[in-house]
Amino acid sequence: MEKVEVFIVGAGPSGLATAACLSKLSIPYIIAEREDCVVSLWNKHTYDRLKLHIAKEFCELPHMAYPTDSPTYLPKDQFLRYMEDYVKHFNISPKFNTTVESCMYNEVRKCWVVTTHNKVDGPTMYASKFLVVATGENSMGYVPEIVGLQSFPGETIHSSNYKSGNDYVGKSVLVVGCGNSGFEIAHDLAVHGANTSIIIRSPLHVMTKELIHLGMVLSTWHLPLKLIDLILMILAYILLGDLSKYGIVRPNIGPLTLKAKTGRSAIIDTGTTKLIKKGDIKVFGPISCIRGNLIEFADGNERYYDAIVFATGYKSTANIWLKNDMNMLNSDGIPKNDFPNHWKGANGLYSVGFARRGLAGIAHDANIVASDIHTNKEMPYFN
């Protein structure tokens, strides 16, 4: 059994940020990644047109700024280049193709026993004083159960496998899910010539990236959240108009308050609302059932589709391999405690990247976790 001070599970932004913060404090670690690259979600499971919706100054990982000549809103390729430079700068060497099969705290030995399996080396066991869960909230794509889905003869994919609307020219495509991914994919499909529909089941805020940036700047001025929300909603109405007539209803509470209370982000409009207003993207409510190519909606509407894209989000997989976390995570693999008390469990257990606060939240978590490990590094450990 190999001994290690800190074992980090996941080499996405959360794991890399944690590794960098530990390095700054000269704390040794091992970082395991199930894929063959860092930030695999961005490298392998994002669509081509993806950009950061938040200005770069709010998206930096600890101890390394973006290049001064990079745009305010980084496209996918430049963000990945930043992550590659980050890995080189901090000399981070993940153990790739390494699946963590179980992590269990041993009360006698006062350590976490981590069992991994590598495609080349096979199984390995580690004894770690500290364990950092850095797999994040987006470990596995989620597809809801829908009556008759198995009868649909066309293509059904999760948004993590969507690349470009080039593959759907002239086809009728239904996008299920109205988060930022759903809105962007619907826009991409429509501009590439697909007959596009999107399902919007719940109230949501639609903002521009400039409005969100304004809100984040105003937040640093310590203005009341309700006042900032009021300003943003008035400006959004001026810029985008009344969207309720198109099936987009605004929630009762403001966008920043909603984010703080529930983790649900506002939608950043990249041109989707314009296409909805023109009728190029049709909006429907919940699905009632699917009968072959025919999809029936709860309001009585029905349409035929060639493909369905499920932009229905992700779920955490931490509960699968974390065996006795002493109640840090709930049944969905998400911390039970809300921000800012979400990051620490018992017996040297930590989580990074579960605060639903994007890259800024990851930077916050990584810094505070590394600092706490440094403070507690003399805790008992078996010989």
Side-chain angles (χ1 to χ4, degrees), residues 1-34 62-63 90 92-95 98-117 123-137 139 316-355 361-383:
M1 188 181 296
E2 183 177 340
K3 292 175 66 175
V4 60
E5 190 81 1
V6 184
F7 196 98
I8 305 170
V9 186
S14 299
L16 299 180
T18 304
C21 291
L22 291 172
S23 294
K24 295 289 285 187
L25 297 171
S26 300
I27 299 173
Y29 65 86
I30 283 178
I31 180 169
E33 168 56 47
R34 65 184 179 184
H63 310 299
F90 292 103
I92 302 171
S93 300
K95 292 183 177 296
T98 300
T99 302
V100 173
E101 297 186 333
S102 71
C103 295
M104 182 173 293
Y105 188 73
N106 188 306
E107 292 284 356
V108 176
R109 293 183 167 186
K110 302 299 181 185
C111 70
W112 288 91
V113 177
V114 182
T115 303
T116 69
H117 190 277
T124 304
M125 294 185 71
Y126 299 89
S128 181
K129 188 187 298 186
F130 302 100
L131 178 67
V132 181
V133 181
T135 49
E137 303 157 315
S139 297
S316 167
T317 59
N319 279 345
I320 297 175
W321 47 266
L322 187 57
K323 302 302 182 183
N324 58 343
D325 72 342
M326 305 300 289
N327 295 317
M328 184 179 78
L329 304 180
N330 63 23
S331 59
D332 294 323
I334 302 297
K336 289 183 177 180
N337 293 327
D338 295 329
F339 179 89
N341 303 309
H342 62 289
W343 55 275
K344 187 174 182 178
N347 301 320
L349 176 65
Y350 301 91
S351 69
V352 173
F354 287 83
I362 287 172
H364 168 274
D365 290 355
N367 272 309
I368 199 168
V369 165
S371 177
D372 198 72
I373 289 174
H374 186 260
T375 300
N376 293 285
K377 62 183 179 181
E378 302 305 326
M379 66 186 285
Y381 192 38
F382 82 98
N383 294 314

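Closest approach of I334 to S316, counting heavy atoms only: CD1-CB, 4.0 Å. The heavy-atom pair separating V352 from A366 by the smallest distance is CG1-N, 4.0 Å. The heavy-atom pair separating I362 from A17 by the smallest distance is CG2-CB, 3.9 Å. Between S351 and V369, the shortest heavy-atom distance links the atoms O-CG2, 4.0 Å. Shown here for H63 and F90, the closest heavy-atom pair between the two residues is CB-CZ, 3.6 Å. Heavy atoms only, all atoms of each residue included: L329 and A318 are closest at CD1-CB, 3.7 Å.
Note that the CD atom of E33 and the OG1 atom of T135 stand 10.0 Å from one another [nearest 0.5 Å]. Atom OG1 in T124 sits 11.5 Å away from atom CE in M1 (nearest 0.5 Å). Taking CD of E101 as the start and NZ of K323 as the end, the distance is 9.5 Å to the nearest 0.5 Å. Between the CD1 atom of I373 and the NZ atom of K344 there is a distance of 9.5 Å, given to the nearest 0.5 Å. Rounding to the nearest 0.5 Å places CZ of R109 at 10.0 Å from NZ of K3. In this structure, CD1 on I320 lies 12.5 Å from OG on S102, to the nearest 0.5 angstrom.
Side-chain atoms of T375 come within 3.5 Å of backbone atoms of S371 as a donor-acceptor pair (strictly under, hydrogens ignored). Side-chain atoms of S14 never come within 3.5 Å of backbone atoms of G136 as a donor-acceptor pair (strictly under, hydrogens ignored). Between the side chain of N347 and the backbone N or O of K110, no donor-acceptor pair lies under 3.5 Å.
Partners of N327 according to the side chain to side chain contact (heavy atoms under 4.5 Å, CB included) rule, which considers only residues two or more places apart in sequence or in another chain, are K336.
Using a 4.5 Å heavy-atom threshold, the side chains of K129 and C111 count as separate. The closest side-chain heavy-atom distance from F7 to T116 is below 4.5 Å.
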Evaluate side-chain contact (heavy atoms from CB on, under 4.5 Å) for D372 paired with I368, printing each intermediate quantity in order. CA-CA 6 Å; D372 198 72; I368 199 168; 5.8 Å; no
Evaluate side-chain contact (heavy atoms from CB on, under 4.5 Å) for F354 paired with V133, printing each intermediate quantity in order. CA-CA 9 Å; F354 287 83; V133 181; 3.9 Å; yes
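A parallel orientation is assigned to the rings of W343 and Y350, their planes being inclined by less than 30° (bins at 30° and 60°).
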Got a list of side-chain donor-acceptor pairs under 3.5 Å for residues 25-32, not counting sequence neighbours?
none

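Just one of N106, L349, V6 meets the side-chain contact (heavy atoms from CB on, under 4.5 Å) condition when paired with W112; it is L349.
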